[in-house]
Each structure stands twice: as structure tokens, then as C-alpha cells.
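In what follows, every chain begins at residue 1, and chains take the letters A, B, ... in the order their sequences are listed.
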Number of protein chains: 4
Amino acid sequence: MFDLDLRSRHPIYEQLVERFKELIISEVLKTDEQLPSVRVLASQLTINPNTIQKAYREMERQGYIYSIPGKGNFVARVMREGNAEKLARLREELVKILSEAIYLGMKKEEIIKIISELYVMVKGGEKSDRS
Amino acid sequence: MFDLDLRSRHPIYEQLVERFKELIISEVLKTDEQLPSVRVLASQLTINPNTIQKAYREMERQGYIYSIPGKGNFVARVMREGNAEKLARLREELVKILSEAIYLGMKKEEIIKIISELYVMVKGGEKSDRS
Amino acid sequence: MFDLDLRSRHPIYEQLVERFKELIISEVLKTDEQLPSVRVLASQLTINPNTIQKAYREMERQGYIYSIPGKGNFVARVMREGNAEKLARLREELVKILSEAIYLGMKKEEIIKIISELYVMVKGGEKSDRS
Amino acid sequence: MFDLDLRSRHPIYEQLVERFKELIISEVLKTDEQLPSVRVLASQLTINPNTIQKAYREMERQGYIYSIPGKGNFVARVMREGNAEKLARLREELVKILSEAIYLGMKKEEIIKIISELYVMVKGGEKSDRS
DNA sequence: GTGGTCTAGACCACC
DNA sequence: GTGGTCTAGACCACG
């Protein structure tokens, strides 16, 4: 389900954060939906509850979820705007990766295609809100 | 020169790798050009030679340079093909970062603009090969 | 009415205590006035009666209300003196928050302004006693 | 030294954060000064290293210190400006505590005196930078 | 049953 | 030596 790589150089909690962010961004997990409880998920993935806890706190710090002690963890409202700083950081990462990709021969058309597909995915999910 | 940030949470050797890769990708350092020796660079940057050595070995592993024992480290030939694996990895990273950027509201036009600028930069450097 | 935030990380009973204390301090609720019964308030706010009960017991402990078994909960007499201990605690909190505010650049004038406004509010409410 | 209260309702790591912030605000700990290592402090205070780690990470999140893996934790540069949000939060806390203090009879003069003393302390420390 | 905190360890990467 | 991560537990407050 989460296909974690316990041997990876990336910490487990970071892998969890990435997977959950994907689910939230693609709106598989919707606003205010409850995430699996720390202990349930820990036993399902057979990893330590503290590691799940760390992942959840990191996601909260990044603004993707919120926590109600004694109740659970929930998907936060999307936070368009007020992210100038975060967007600047992403822009830098984008430049770095694109530079390498172009250098290694990735076609411009392929990149444009990726972008278009992603836009359909995210913006499509948005429209379903208005219905 | 390399504007290393000794306070950064990114390891110094990783910063070195990134800086060198930028120089190679932008063809400031050209194929078969010799890199500064480990000891010279270490004393210039006043950091531990082991750290330089580690950065060079990492770049070699990634295919950006090659080492001739007793001679030095040199920029590798550009490797336009035979990179299916590396390109697939970059594609994944690209998708991840683009997803987040789009989710946070980055405009499609801005992304296209970044791509175009980068293409001019890299492809421009390429032409100088033919001269 | 009480605008409780069920999603807040502050416990509900604590939010209740804060709201009631505000009402008592600003003398919207006057000495010996009866508070809503536990059960009535619980059904109005659609929260657990135990939570109301806990809030009332906490306020009693802090000296803001008193309870008459079988009758209800009532606003306690103002306790201007005999609070050396509580005032000392508040003084400490005040120092801590003011230190941080000053450190972060809050203007002295702004702090004075806040104090003056609050004095007008509280002392104004006091005068209505004499009428 | 840190007079921690292990029985307190406030978590140990939070008490640590408060004590350290006091030391930083009052400039007992100066910019770029190194904090005690996680393990040394843990053994000195006879508490778990993880608890120290948690406190340090929280202070980093709040912008008071920065961490260099493998080197240590260090006091961050003061960060005047760009704190509108944090100042707004402090303003609210200030209002709440002042309301209660005034209600319980704290004299206006006493509050002014506290403010003035704190200003001398913080602003005095600032001037020593210029010398 | 939920999250939040804490202990007593361990192993890793970095320098 | 340093911080960063992780495990395998435990106890607490909250609702």
C-alpha cells in the first residue's frame, strides 16, 4: 500500500510524508478526512508508532494536516496564497532538476506533456468541488 | 568561489557535488578538463580533504567525472543516451515537485517560461561545441 | 455563542474556562449570578456534560465561581486582595511574553496603548457598580 | 541550573524551550554560540537524549537556533521583522493576561515598571553590539 | 481509543 | 565527537 523501503537512505518518516502528500495533492484524501490513527497505521506497516507520529507532525508543520489530540489527524484545507516563500523554494528545486533533465536529453515535448497531465489531474479535482 | 555554506544542514560534500554538476552541465567545465586536485581544493576551501574526496567519488558514481589514479579527476564525456534509468528517476522527481507547485498555485505560464529559459541556456552552450 | 473550536488543539473544557473568565472579568456575568446548568449548557453546545462539569470544577478551583450542590454554580465575589500568589504567577507570565514581544520588535507605545485600553474597559465596568 | 519540574503538567521539552529562549532573549547566549550537545545535556540533566532533541528541534522551528548535523546546535541570528503573525499571536496572549492581572488589581504603574525594566535589558544588550 | 510525551536504548552519516 | 533516525515499549490527558 505504501511500499516503504526500510533500507532507503531516505528516512521512513520522510517516505511516509511524501506518500501522504501525494494522496492529499491528488485529492484521494479530501479536506477534513481522517487519517489512519497512529497506532493502527503503525501495526499495519509494522513500524514504530513514534515514526508515524513524527511523519504526522512533519505534515502538520508543512500545513497539510491538522491534529486534534484525543480525536485524530485530519487533512487540512488547501492553502493557496501566502506561500510565496514555499513557491520560491520549489522554483529553485525545479530549476535544478530541469537543468539536469535537459542536459541528459529529456525532450521539451515530454516535459510539457507531464505538466499538462498534472494540470488536468489537479485542476480536474478542483472542479469537482463546485459541483 | 564555491560559496559553500558550512552552516547548512546539507552536507558539505553534497554542496560540492551540486556546484560541480552545475559547472559541468553549463559547460564551464568541459569534457576531459581536469578538476582541481583534492589537496589543492581542500586547502583553498579550508575544509577536510576527505570531504573533497567523498564529493569526487560521488560524482564519479553518478557518471559526471572519471578518475585516473595518480593523475587526477576529469570531466566525463556527455552521456546523452543510455540514461533511461536516470531519466526515469528525474521524471519522478519532476512529477513530485510539479505536483506540489501546481497544488500551491504556480501558474502554468511560469513553468513554461522556466523551461524555455533553461533550454536556451543549455542548448546555447551546446552550439559552442560545433564551433 | 461561545464559538468553541472543536478542532483546536486546546481542550474544549479549557476553551470554556477561558470564555467564562472573560465574561466574568468584563462583568457581563456579575457576582452571585447563576451559570447555566451543566446539562442545559451541554445540550446547547452539543458537547459532553462531563466536559462542562470539568470546566466548572476548574473555574471553582481558580476561585472564579462557587458551587452549591443541588442548586447550581454561581459567580464568586471579586477577589481583589489575597491574591499575592496568583498575581506573582501572572507577573511571571507577563515578563515572559513581554520579553519575547520586545525581542521581536514590538513598540513600547503599542504595549502602553494596549494597557490603557484595557484599563478603560475594566475600570469602566467597575464604575457601573457604584451607580 | 535549569530547575526542571519533571512532575509539571508542562512537558519537559517545553520547559527546556522556555529556559533556552530566556537565555537567548536576554543574550546570555549570543548569536552563533554553541549550545550543549544533545547527549552531554541529557546526561547532565539525567533525562533522555530524545527529549533534548525534541526541545532543540522545536526551538529551530521557532527560529531561535539552527542545527548543523555532526557539528552541533547554535544560536540563530535575531530575526526582527517578518514576524507580523507571531507578534499578532503575542498581542492576543498579552491582552488575555493583562485583563486578568488588571482585574485582580495589578497597578498600572507596576506594569509600566516591568516594561521599562525589560526594555533596558533587551535594548541595552543591543547597544553592546555596536561597541 | 486517540494523540502527546517520555525513557532506554541502538545504529547511521558526517567531519 | 556530533546530530538524525528508529525501535519497543510506557504513562498521561482528553472526550
Worksheet entry | Residue met sooner reading DNA chain E from 5', once A:Pro36 and D:Thr46 are mapped to nucleotides | A:Pro36
Worksheet item: Can you check the D:Tyr56 OH to E:dC6 C1' distance for me, whole Å?
Response: 17 Å
Worksheet item: At what distance, to the nearest 0.5 angstrom, does CZ of D:Phe74 lie from OH of D:Tyr56?
Response: 10.5 Å
Worksheet, complete the sentence: Here the pair of heavy atoms bringing C:Gln15 nearest to C:Ser8 is NE2-CB, 3.5 Å
Discussion item. Side chains of D:Gln34 and D:Lys71 only: does a donor on one sit below 3.5 Å from an acceptor on the other?
Written reply: no
Fill in: Closest-nucleotide ordering on DNA chain F, the 5'-leading residue of A:Pro11 and C:Glu14
A:Pro11
Worksheet entry | Spacing of B:Leu6 atom CG relative to F:dG3 atom C1', expressed in whole Å | 17 Å
Discussion item. Can you see if the side chain of D:Thr51 gets near the phosphate of E:dT5 - specifically, an N or O under 4.0 Å from OP1 or OP2?
Written reply: no
Worksheet item: Starting at the 5' end of DNA chain E, what dot-bracket string do you get if Watson-Crick and G-U pairs under 3.5 Å are bracketed, crossing pairs use [ ], other-strand pairs use | and unpaired bases use dots?
Response: ||||||||||||||.
Worksheet item: Once the angle between the rings of C:Phe2 and C:Phe20 is folded into 0 to 90°, is it parallel (under 30°), tilted (30 to 60°) or perpendicular (over 60°)?
Response: tilted
Worksheet item: Will you find, in the side chains of B:Tyr13 and B:Asn48, an N or O donor that is under 3.5 Å from an N or O acceptor?
Response: no
Worksheet item: Rounded to the nearest 0.5 Å, how far apart are CG of B:Leu6 and CD1 of B:Ile47?
Response: 7.5 Å
N/O-N/O pairs, protein side and nucleotides 9-12 of chain E side, under 3.5 Å:
from, atom 1, to, atom 2, distance (Å)
E:dG9, O6, D:Asn50, ND2, 3.2

Discussion item. Does A:Arg9 reach a base, just sugar-phosphate, or nothing at all? Heavy atoms under 4.0 Å.
Written reply: nothing
Discussion item. With side chain to side chain contact (heavy atoms under 4.5 Å, CB included) as the test, pick out the partner of A:Met59 among A:Leu16, A:Val17, A:Asn73.
Written reply: A:Val17
Worksheet entry | Test salt bridge (Lys or Arg N to Asp or Glu O under 4.0 Å) applied to A:Glu18 - qualifying residues, sequence neighbours left out | B:Lys96
Practice prompt. Please report the C-alpha distance between D:Leu94 and D:Leu90 in whole Å, then the side-chain angles of each, then the deciding distance to 0.1 Å, and finally whether the side chain to side chain contact (heavy atoms under 4.5 Å, CB included) criterion is met.
Written response: CA-CA 6 Å; D:Leu94 204 53; D:Leu90 281 174; over 6 Å; no
Discussion item. Tell me the interatomic distance from D:Gln53, atom CD, to F:dT2, atom C1', rounded to whole angstroms.
Written reply: 11 Å
Worksheet, complete the sentence: When rounded to whole Å, the CD to C1' distance for the pair D:Glu58 and F:dG4 reads 17 Å
Practice prompt. For D:Ile52 and F:dT5, give me the distance from atom CD1 to atom C1', rounded to whole Å.
Written response: 17 Å
Practice prompt. Please state how far atom CZ in C:Arg7 lies from atom C1' in F:dG15, giving the value in whole angstrom units.
Written response: 18 Å
Worksheet item: In whole angstrom, what separates B:Ile12's CD1 from F:dT2's P?
Response: 18 Å
Worksheet entry | Residues D:Ile24, D:Ile65; criterion side chain to side chain contact (heavy atoms under 4.5 Å, CB included); working and verdict | CA-CA 9 Å; D:Ile24 292 172; D:Ile65 69 172; 3.9 Å; yes
Worksheet entry | OP1 or OP2 of E:dC14 under 4.0 Å from side-chain N/O of B:Lys54 | yes
Practice prompt. Report yes if a side-chain nitrogen or oxygen of D:Ser37 is closer than 4.0 Å to either non-bridging phosphate oxygen (OP1 or OP2) of F:dT2; otherwise report no.
Written response: yes
Worksheet item: Rounded to the Å, how far apart are D:Arg57 CZ and E:dG4 P?
Response: 19 Å
Discussion item. Both A:Ile68 and B:Tyr13 contact DNA chain E. Taking the nearest nucleotide for each, which residue is further toward the 5' end?
Written reply: A:Ile68
